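In this text, all values refer to a predicted model and were calculated from it rather than measured experimentally.
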Amino acid sequence: MSDTSAPGRRLRAAAGVARDILVGPYARTFARARRDEDDLFMVIVMAEALGVPNPASYYTVELLPVVYDQVHDWHRRMGLDRSPLEHVSCC
């Protein structure tokens, strides 16, 4: 029997429905928790650029190019009208 058989498709569909029933009510909570973790990560990575002493700046400086694309969304979520970084002007 292959994965494309009718019972296999029905089983996958039932698993999808069960996942939606169990996870559906908590999807917003999971998304908010992930956003909060991402915001904390951004603060840790950009702490030195924001003027906060960062003991791990040697390790986080390599991540700055990765998070520059997300600066605009981050500072909007934090309630800042403009980017707090002088060298990153996204607005």
Visitor: Using the six-membered ring wherever Trp is involved, compare the ring planes of Tyr26 and Phe30 and label them parallel, tilted or perpendicular (cut-offs 30° and 60°).
Guide: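 It falls in the tilted class, 30° to 60°.
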Visitor: Considering all heavy atoms of both residues, which atom of Pro55 and which atom of Pro53 are nearest to each other, and what is their separation?
Guide: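 Smallest interatomic distance, heavy atoms only, reads CD-O, 3.9 Å.
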Visitor: Are Val52 and Met46 linked, directly or through other ILVMFWY residues, by side chains that come within less than 4.5 angstrom of each other?
Guide: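 No, Val52 and Met46 fall in different hydrophobic clusters.
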Visitor: Roughly how far apart are Leu63 CG and Ser57 OG, rounded to 0.5 Å?
Guide: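 So the gap between those two atoms works out to 11.5 Å.
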Visitor: How many angstroms lie between CG in Asp73 and CZ in Arg76, if you round to the nearest 0.5 Å?
Guide: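 Interatomic distance, Asp73 CG to Arg76 CZ, rounded to 0.5 Å: 9.5 Å.
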Visitor: Begin with the C-alpha distance, continue with both residues' side-chain angles, and end with the deciding distance and a verdict on side chain to side chain contact (heavy atoms under 4.5 Å, CB included) for Asp38 and Trp74.
Guide: CA-CA 9 Å; Asp38 289 344; Trp74 172 75; over 6 Å; no
Visitor: Roughly how far, to the nearest 0.5 Å, is the OG1 atom of Thr29 from the CZ atom of Arg34?
Guide: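 It is 15.0 Å, given to the nearest 0.5 Å.
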Visitor: Do you reckon Met78 sits in the same ILVMFWY cluster as Ile44, going by side-chain contacts under 4.5 Å, direct or chained?
Guide: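 No, no single cluster joins them.
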Visitor: In Å and rounded to the nearest 0.5 Å, what is the CE to CD distance from Met42 to Glu37?
Guide: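 Those atoms lie 14.5 Å apart.
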Visitor: Which heavy atom in Asn54 sits nearest to a heavy atom in Thr60, and how many Å separate them?
Guide: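 That closest heavy-atom pairing would be ND2-OG1, 3.4 Å.
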Visitor: How long is the span from the CZ atom in Arg28 to the CZ atom in Arg32, to the nearest 0.5 Å?
Guide: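 Answer for the CZ-CZ pair, Arg28 versus Arg32, is 7.5 Å.
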